[in-house]
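Note sheet for the following structure.
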Amino acid sequence: MDDSITAAGDSITVAGFGFRRGALLVSLDEALDRLHEHYGAVDRLAATQTMWPLVQELGQARGLTVIPVADAALPTATTITRSRHSLRARGTGSVAEAVALLAAGPGAELLGPRLISMDRLATVAAARAPLGGD
């Protein structure tokens, strides 16, 4: 895995994922391509423990490290998106946004709202944080 930080050397950019049970690797791959088009390259991927295997597979395919995020931590992140379904099911307005923020660490900010894959099975969001937490 490539562990170098590409974002200007003084920050880290993390792509967080959320997805439905029927999502396939192609759903996440396409969503990540859309994220790259909007915000540029990311340094890491992130997923909750329950979503880990599929995101880990994407990380291996793309040569990116995947950061685990505890499912129980999701409600602690303030998201842009306020999905009623996500709030009921996971306690957060957007799993992708919450995962990106939590994985990026202290001082992280979302680059924008989540993006949705063309098949509508996966979401991805990017957060950037200064290296060293502040």
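Scope of the values below: all heavy atoms of this structure, side chains included, with no hydrogens, waters or symmetry mates. Computed from a prediction, not measured in an experiment: that's the story for all the values here.
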Contact check, side chains of V95 and M51, non-hydrogen atoms, under 4.5 Å: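 Yes, side chains in contact.
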Any heavy-atom pair between the side chains of T76 and L102 that's under 4.5 Å?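 Heavy-atom side-chain distance check passes, below 4.5 Å.
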Shortest non-hydrogen separation from [X] to [Y] and the atoms involved:
{"X": "T92", "Y": "S86", "answer": "O-OG, 2.7 Å"}
{"X": "S11", "Y": "D43", "answer": "O-OD2, 4.1 Å"}
{"X": "I12", "Y": "A104", "answer": "CG2-O, 4.1 Å"}
{"X": "H36", "Y": "A41", "answer": "CD2-CA, 3.9 Å"}
{"X": "A100", "Y": "A125", "answer": "CB-O, 3.5 Å"}
{"X": "G59", "Y": "V66", "answer": "CA-CG2, 4.0 Å"}

Donor-acceptor check, side chain of E97 to backbone of I80, threshold 3.5 angstrom: yes or no?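 Here the side-chain-to-backbone pair exists.
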Counting distance only, does the side-chain N/O of R34 pair as donor-acceptor with the main-chain N or O of I116 below 3.5 Å?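 It does hold such a pair.
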Does [X] belong to the same Ile/Leu/Val/Met/Phe/Trp/Tyr cluster as [Y], with side-chain heavy atoms less than 4.5 Å apart forming each link?
{"X": "L110", "Y": "V14", "result": "no"}
{"X": "L74", "Y": "V124", "result": "yes"}
{"X": "L121", "Y": "F17", "result": "no"}
{"X": "L45", "Y": "Y39", "result": "yes"}
{"X": "L35", "Y": "L64", "result": "yes"}

Where at least one partner belongs to residues 58-69, residue pairs that pass salt bridge (charged side-chain N to carboxylate O under 4.0 Å, His left out), sequence neighbours excluded: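 Checked against salt bridge (charged side-chain N to carboxylate O under 4.0 Å, His left out) - neighbours excluded - the pairs reaching residues 58-69 are D29-R62, D33-R62.
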Neighbour count above 12 (heavy atom, 6.0 Å) for H38 NE2: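 Result for NE2/H38: open.
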List the steps and the verdict of side chain to side chain donor-acceptor pair (under 3.5 Å) for T79 and T81. CA-CA 6 Å; T79 61; T81 303; over 6 Å; no
Calculate, to the nearest 0.5 Å, the distance between atoms [atom1] and [atom2] belonging to [X] and [Y] respectively.
{"X": "R88", "Y": "S83", "atom1": "CZ", "atom2": "OG", "answer": "8.0 Å"}
{"X": "L101", "Y": "E109", "atom1": "CG", "atom2": "CD", "answer": "9.0 Å"}
{"X": "L58", "Y": "L28", "atom1": "CG", "atom2": "CG", "answer": "6.0 Å"}

Who pairs with S117 by side chain to side chain donor-acceptor pair (under 3.5 Å), at least two apart in sequence or on another chain?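 In terms of side chain to side chain donor-acceptor pair (under 3.5 Å), with neighbours along the sequence ignored, S117 is linked to D119.
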Would you tabulate the side-chain donor-acceptor contacts of residues 18-26 under 3.5 Å, counting partners in other chains and residues two or more places apart, or write 'none'?
none

